[in-house]
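Input: a single structure, listed below in structure tokens.
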Amino acid sequence: MLNDNEQNVANRRNAAGRGSFMNSVTELGAELQRVRKQNGLTQEQLAELAGISERTLRSIERGAGNPSIEAVLSVANVLGLRIRVAK
């Protein structure tokens with residue numbers, strides 16, 4: 001039996017497979033942070049791998065600032081994630 005947190009993660013994964021979407025940049029940043037931590041990476045390590053500054057990564061994870069789409073895509077790519085744009 002899954003606890004509530006595990007069920008929420010499972011639901012998000014199932015929804016992601018069906019083409020769900022994030023409702024805000026804050027949600028996107030939180031998901032990138034969750035996956036970073038799940039993979040045992042520090043902000044410093046991920047920023048270096050993605051070729052961006054730690055400051056930019058912190059902004060992305062907080063859903064703040066105005067990072068370039070290239071920076072966000074680079075972070076997602078390093079984490080093995082895809083970001084889709086759909087109508």
Side-chain angles (χ1 to χ4, degrees):
M1 179 114 197
L2 298 176
N3 67 35
D4 288 341
N5 188 42
E6 291 167 332
Q7 187 62 52
N8 288 338
V9 170
N11 288 343
R12 277 194 307 245
R13 284 188 183 143
N14 288 338
R18 291 190 307 267
S20 71
F21 59 92
M22 298 280 166
N23 290 317
S24 71
V25 293
T26 303
E27 284 182 281
L28 176 59
E31 183 66 8
L32 292 171
Q33 181 182 56
R34 184 191 68 75
V35 175
R36 172 182 60 78
K37 289 179 176 181
Q38 181 181 335
N39 284 289
L41 293 170
T42 65
Q43 286 181 327
E44 180 181 12
Q45 290 167 327
L46 179 54
E48 184 175 332
L49 290 168
I52 62 173
S53 70
E54 277 184 76
R55 182 177 180 176
T56 297
L57 179 59
R58 284 193 301 272
S59 292
I60 291 169
E61 288 186 348
R62 285 194 325 267
N66 192 21
S68 70
I69 190 68
E70 290 87 2
V72 175
L73 292 173
S74 181
V75 169
N77 185 51
V78 169
L79 294 173
L81 301 173
R82 290 186 321 184
I83 297 176
R84 283 198 249 173
V85 177
K87 185 174 179 183

Side chains of Ile60 and Val25: does their closest heavy-atom pair fall under 4.5 Å? no
Qualifying residues under side-chain contact (heavy atoms from CB on, under 4.5 Å), relative to Ser53, sequence neighbours excluded: Arg55, Thr56
By side-chain contact (heavy atoms from CB on, under 4.5 Å), which residues pair with Ile83, not counting sequence neighbours? Leu28, Val72, Leu73, Ala76
Taken in chain and number order and not counting sequence neighbours, the residues that satisfy side chain to side chain donor-acceptor pair (under 3.5 Å) with Ser74 are none
Under 3.5 Å, side-chain donor or acceptor atoms of residues 39-47 against the rest of the protein: list the pairs with distances, not counting sequence neighbours.
from, atom 1, to, atom 2, distance (Å)
Asn39, ND2, Val35, O, 2.8
Thr42, OG1, Glu44, N, 3.4
Thr42, OG1, Gln45, N, 3.0
Thr42, OG1, Gln45, OE1, 3.3
Gln43, NE2, Glu61, OE1, 2.7
Gln45, OE1, Thr42, N, 2.8

Going from CG on Leu49 to CZ on Arg36, what distance comes out if it is rounded to the nearest 0.5 angstrom? 12.0 Å
Spacing of CZ belonging to Arg62 relative to CG belonging to Leu57, to within rounding of 0.5 Å: 10.0 Å
